[in-house]
Amino acid sequence: MEEKKKEMTYSEAISELEKIVAEMQSENCSIDNLSAYTSRSLELLKVCKAKLLATDEELKKILEELK
């Protein structure tokens, strides 16, 4: 049986982004990891954008029902 992958929450994505930024700003950040950090950051930003857009649409629908 195939396990369903847990969908990342907005808070989890932001938290991971903050960790990546901190790592990239540290003196110990290796130039070899920058590409991986940048790629992962892009994935996380896409998750955040999708969550924000979905929430915006839901709120618009709710507000429209109130009219």
Side-chain angles (χ1 to χ4, degrees):
M1 186 187 303
E2 192 176 308
E3 260 188 63
K4 234 184 180 180
K5 190 175 179 181
K6 180 183 169 261
E7 188 175 319
M8 179 175 264
T9 67
Y10 180 85
S11 296
E12 290 169 337
I14 290 294
S15 178
E16 188 175 340
L17 274 169
E18 289 171 345
K19 289 176 187 173
I20 290 171
V21 169
E23 182 63 32
M24 290 175 78
Q25 291 175 337
S26 80
E27 294 178 9
N28 299 326
C29 182
S30 166
I31 193 82
D32 297 322
N33 293 331
L34 287 178
S35 179
Y37 288 146
T38 302
S39 294
R40 181 61 180 154
S41 295
L42 180 59
E43 292 172 12
L44 293 167
L45 288 169
K46 287 179 181 179
V47 168
C48 291
K49 180 180 177 181
K51 297 284 184 185
L52 289 171
L53 289 173
T55 301
D56 183 53
E57 288 301 315
E58 288 175 28
L59 289 173
K60 285 178 182 175
K61 287 178 185 175
I62 291 169
L63 292 173
E64 189 62 36
E65 290 177 13
L66 293 174
K67 288 184 179 180

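When reading the values below, keep in mind they use all heavy atoms of this one structure, side chains included, and skip hydrogens, waters and symmetry mates. Here, residue 1 is the first one in the sequence, and each next residue gets the next number.
- Contact between I20 and S41 at its shortest, heavy atoms only, is CG2-OG, 3.5 Å.
- Interatomic distance, I62 CD1 to E64 CD, rounded to the nearest 0.5 Å: 12.0 Å.
- At least one donor-acceptor pair closer than 3.5 Å links the side chain of S26 to the backbone N or O of E23.
- Note on V21: it does not cluster hydrophobically with L44, by side-chain heavy-atom contacts below 4.5 Å among ILVMFWY residues.
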Only pairs under 3.5 Å count here: list side-chain donor-acceptor contacts from residues 30-37, not counting sequence neighbours, and write none if there are none.
unit_1	atom_1	unit_2	atom_2	d
S30	OG	D32	N	3.1

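- Here C48 contributes atom SG and E12 contributes atom CD; the two are 10.5 Å apart, rounded to the nearest 0.5 Å.
- In this structure, E18 has no salt bridge (charged side-chain N to carboxylate O under 4.0 Å, His left out) partners at least two apart in sequence or on a different chain.
- Here the side chains of E7 and K51 are in contact, with some heavy-atom distance below 4.5 Å.
- Atom CZ in R40 sits 10.5 Å away from atom CG in L45 (nearest 0.5 Å).
- In terms of heavy-atom proximity, M24 sits nearest to T38 at CE-OG1, 4.3 Å.
- E57 has its side chain out of reach of L53: every pair of non-hydrogen atoms, C-beta onward, lies at least 4.5 Å apart.
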